[in-house]
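What follows is one structure encoded as structure tokens, with my remarks underneath.
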Protein chains: 2
Amino acid sequence: MSAASAKESEVDVLIIGAGPAGLMCANALAMAGVNVRIVDQRPAKIAAGQADGIQPRTIEVFKSYGIGDRLIREGNQMHMAAFYNPSPSGGIERTDRAPDVSAPSARYPFEITLHQGAIEAIFLDSMKAHGVTVERPIVPTSLELSKSEEELKDPNAHPVKVTLKYLDLPEQQGGSEIVRAKFVLGADGAHSWVRKVLGITLDGEQTDYIWGVVDMVPDTDFPDIRCKCAMHSHNGSCMIIPREGDLIRLYIQLSDRDVVDPTTGRVDKSKMGPEKLMDVAKKSFHPFEINKSGDIDWWTLYIIGQRVATQFSVHERVFIAGDACHTHSPKAGQGMNASMNDTHNLAWKLAHVLRGWADISLLKTYEFERRKYAQDLINFDKKFSRLFSGKPRTEENEDGVSHEEFLEAYQTFGLFSSGIGVHYEPSPITTSKHQACASKLIVGQRAVPHVFICAADARPYDIQDLLPSDTRFKILVFAGNTADQAQAARVKALAEEMAKPDGFLARFGKGEHGKVFDILSISSAPKQATNYTDLPRLFRPHWSKVLLDDMDMYARVGGGGYEVYGIDKEKGAIVVVRPDGYVGTVAPFESLDDVNAYFAAFMKA
Amino acid sequence: MSAASAKESEVDVLIIGAGPAGLMCANALAMAGVNVRIVDQRPAKIAAGQADGIQPRTIEVFKSYGIGDRLIREGNQMHMAAFYNPSPSGGIERTDRAPDVSAPSARYPFEITLHQGAIEAIFLDSMKAHGVTVERPIVPTSLELSKSEEELKDPNAHPVKVTLKYLDLPEQQGGSEIVRAKFVLGADGAHSWVRKVLGITLDGEQTDYIWGVVDMVPDTDFPDIRCKCAMHSHNGSCMIIPREGDLIRLYIQLSDRDVVDPTTGRVDKSKMGPEKLMDVAKKSFHPFEINKSGDIDWWTLYIIGQRVATQFSVHERVFIAGDACHTHSPKAGQGMNASMNDTHNLAWKLAHVLRGWADISLLKTYEFERRKYAQDLINFDKKFSRLFSGKPRTEENEDGVSHEEFLEAYQTFGLFSSGIGVHYEPSPITTSKHQACASKLIVGQRAVPHVFICAADARPYDIQDLLPSDTRFKILVFAGNTADQAQAARVKALAEEMAKPDGFLARFGKGEHGKVFDILSISSAPKQATNYTDLPRLFRPHWSKVLLDDMDMYARVGGGGYEVYGIDKEKGAIVVVRPDGYVGTVAPFESLDDVNAYFAAFMKA
């Protein structure tokens, strides 16, 4: 079959790879109604093993797509970490227990563990409800990017030509297809074909640390088997990750002699199997007993490599995300989280550009924001891996890692490893000129969860639930004390100003500003003194859009939000939250012009 | 076709009527794996209108069947009540706002409103997952109960013969069926055919109060349109019930001249329609405007009747439940709740008798418990209806109902109307001899919700989530301070005593006591000092079964449970929770014999 007669098609976004990064992107775009296809080389979704840890911030992100409740329902929750070290009487003993998550503002103060197949199924079901399924088994065989400057700058052009090969069909039966895409995402893993074909290299190095992983149901007298355990023993380090049901995962540190072929100096996987991994674990657990109950669910070996791709996109038309961009150790539970948050960052930007709402330059912020994050992640991982893979400190080995050193690092890194501390640097979409007017809603960080009550019915809501990932910018008008007449007049004046033809609502609202901007107002007046009808119409497009910073009718939740956010209770402030839940900018009422300028920097009139 | 050749079949439980009472029963039995059929005369499930209010206790019950989250997700929540009365300047004005629910221990401090069809759909989907669907349109045409004493006492006999007629099939095509059932439930509404065929009468009377009901989306400037509003105006009373989405329901008091035919003295429905109802409402709302936006969703008229059936069963082989047993005014939102809680009470008892676990006499407690409740409900309703339908107190009408009087009644009745205050009187399944050892877990009331943490992983759980309606009795061993050696020894001794062959676990456990009894242990020792492995094996059949009365790792929830329950933190207590979530008995460790005696009173060895 000649190339000329191969099936040809067009698509807005083609995603290559249906792991967590690819699926997060496909689901977000499907929910946004974007024309998207996703292909994967595997004939079926995976059933066990692989990555399994979901960080607190990622739970918030799932929730913002309406798929968080299922994740929470199906997964195991890790609330407690336990630390074991060599005991003077031989074997190990518990040194400490601590909270698993050390980010005080985490809405969900725990990690979720669930096998990757179950996590992927959550995306697959959500996508299906929006009409998108993964096409498989399919591999790309060529990718060409137009060299025309004009085409590359035109968001309506299809400058990427990808040839797909259907692995379950012979070529003469139409087993290949040429797809012309506006944008392509390579989410095809650590050995990314897309990365290689683009000629993007990875910076970084491989360590000497070799680890084994085994998933199984244990039979044990170890009392912290349902905690995340960091165990330093003279036999090597070990980590326990409790999983859904009664499963646990063990990360087991191996010595060279266990796995390295002495003649070649390379890792020889045939020297190690799950039974041998269990033998190593048993020695480290002494004096506790650990055996498997039933079969081994999954196992693998890995050597820690810490690398970041030199670039995350070519001309903002082909992107890479997830393991294709960064590889690091799995034990801090970061990999899948970093991957999904890469494409959570990218998806709304693609949607805005494809709809003609934003200038194509918006896409430059993807690499800007996520590559910086990946570098921070690698630096964190280097420190953490060294501490975790190092020998424990004892009287004989004073250079070893002490529990205090390890615990301090664990907690210092907690804000980062929870995902809560992610902070995007200043760019056109994160401008912090007026940070002082909302001093604790940090521009570039995710909007802090807090419970407010709905003015119309006093129902409490976590504000994050009112900031869904629906591609709209959220305009939060912290209206101050609207029970005060002078302030009510300021709020009214602000509404009038905001509604003017040269304001951002009219200029960038595409004739129906509620499609692009979701307006919420939050009054600091007490509930007994407030009607939702007190707010100007612009600030209450629906009765549910007026909130109060007050406790619910039962004094169980709510109140104190202005303080938590560092906003003046009398004067209020305007807060812009990006579609991905990160604070874009904040401004006092008087500086509405700066909000207009914020949107003018990347949106199209 | 002769009767002899009609299709014949056997079933354990036949339910007639697929409204809320019938569906609650069918779902509970389906989940329990009981052989059950349910038939209904309607060709399809209803789509709008009817009952719509779910009380706090009923939400807890839904949650216990694993269907509460969907109810909460789909329904509207009522948190706030507002009270309006005649204004000195004409029209109405707001007198007060108050919490909608006044039961401090309510786990869900709100009412849910959702149309009956959506509530029924929750049951239908759950039942379907357990293989049971509603057969329709089918009506019963005859019901005969065996006169044989022996048969009536034999739980394995099929003493009830019911002829069913398939309304969509002509008789010659097999349009009827003779069903021989072990038990029959008539959940066929206020005009119950089953009740009539059994010759059971209703005690009570009809009032003069005539009300109209209209469901619609309003267009209004009324500021409390999303609250439950009780409005007394000179034009008559009105109640607002906000509903799912933007719907609201109005209950509108009518005067005789609006609806009574002066020549016959009877209600003439043709004199009233939804538009006329809106006209009455508009006058009552003055000076606020209210109009419908779009179509009327549903409307009806009713005259309050307050009646209770003289008996709820015949020989404990045929039962009636729901509206078939009690009718009253809908405005306090009790009808559907009372109905569903009738069969929530009945279902586990049927399952126990059918499995041979309990003596058939257990079924007598259904009428004993639920008829008493229905009578209390009618008494409550009489008082509430009188206050609500009465004229407002003004200077001219000093005999009218004052706001203070109304609010006091509203709050006094709150514990009852929330369903939280339901208290079953002493019987073989509620024995309160040792009430003092758990002074605030009242025998005969539902187990009070409280958050405890799991000892193995510090995950917080509301204990109600560990007390599912799965037909098992829950044995809660409040183990006291297990960090104290003497107490640990007492706990160990209790476990040994409880495991003896003459103990209830062995005598009534059918060879595998975990099928009949679910054991949980709750220690008052602090989490840092406790391993789940500290408890005796009997009290930790699984790692998840050991709880601690301590805060979670983030000090957000938990702790203080022993105090809330009135249990001594050192010595502990044994608490038996019935399969429907009500406290069956409590006892100190020393009185294990009384726990044995409790079960011996109604269970079969």
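Quick note on labels: first sequence line is chain A, next is B, and so on, each numbered from 1. Reckoned from all heavy atoms, side chains included, excluding hydrogens, waters and symmetry mates.
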**Request:** Please look at A:P242 and chain B and tell me whether the side chain, the backbone, both or neither of the residue comes under 4.5 angstrom of a heavy atom of that chain.
**Result:** neither
**Item:** Choice from B:D246, B:N76, B:D100 maximising heavy atom contacts with chain A below 4.5 Å
**Value:** B:D246
**Request:** Supply the atom-to-atom distance A:M78 CE to B:R459 CZ, rounded to the nearest 0.5 angstrom.
**Result:** 12.0 Å
**Prompt:** Got more than 12 heavy atoms from elsewhere within 6.0 Å of CD, B:E408?
**Reply:** no
**Item:** Part of A:A81 within contact of chain B (heavy atom distance under 4.5 Å)
**Value:** neither
**Prompt:** chain B heavy atoms under 4.5 Å from A:A455: which part of the residue, side chain, backbone, both or neither?
**Reply:** backbone
**Request:** Check each atom of B:I225 against the heavy atoms of chain A and say whether the ones under 4.5 Å are side chain, backbone, both or neither.
**Result:** side chain
**Asked** Picking from A:A82, A:S102, A:P109, A:P99, which has the most non-hydrogen pairs under 4.5 angstrom with chain B?
**Response** A:P109
**Request:** Flag the pair B:H79 / A:C454 as yes when at least one side-chain heavy-atom distance between them is below 4.5 Å, and no otherwise.
**Result:** no
**Prompt:** Within residues 531-540 of chain B, which positions have a heavy-atom distance to chain A below 4.5 Å?
**Reply:** B:N531, B:Y532, B:T533
**Message:** Atom CD of residue position A:E289 - does it have more than 12 heavy atoms of other residues, nucleotides or ligands inside 6.0 Å?
**Reply:** no
**Request:** State, to 0.1 Å, how close B:A456 and A:C227 come at their nearest heavy-atom pair, and which atoms those are.
**Result:** O-SG, 3.4 Å
**Message:** Distance check, rounded to the nearest 0.5 Å: B:D224 atom CG versus A:D457 atom CG?
**Reply:** 10.5 Å
**Interface residues of residues 551-560 of chain A facing chain B - heavy atom cut-off under 4.5 Å** = A:M553, A:Y554, A:R556
**Message:** Using heavy-atom distances under 4.5 Å, tell me whether B:A98 contacts chain A through its side chain, its backbone, both, or neither.
**Reply:** backbone
**Asked** Do you know which of B:R94, B:H542, B:Q77, B:Q528 has the most heavy-atom pairs under 4.5 Å to chain A?
**Response** B:Q77
**Prompt:** Going from CD1 on B:I453 to CE on A:M80, what distance comes out if it is rounded to the nearest 0.5 angstrom?
**Reply:** 7.0 Å
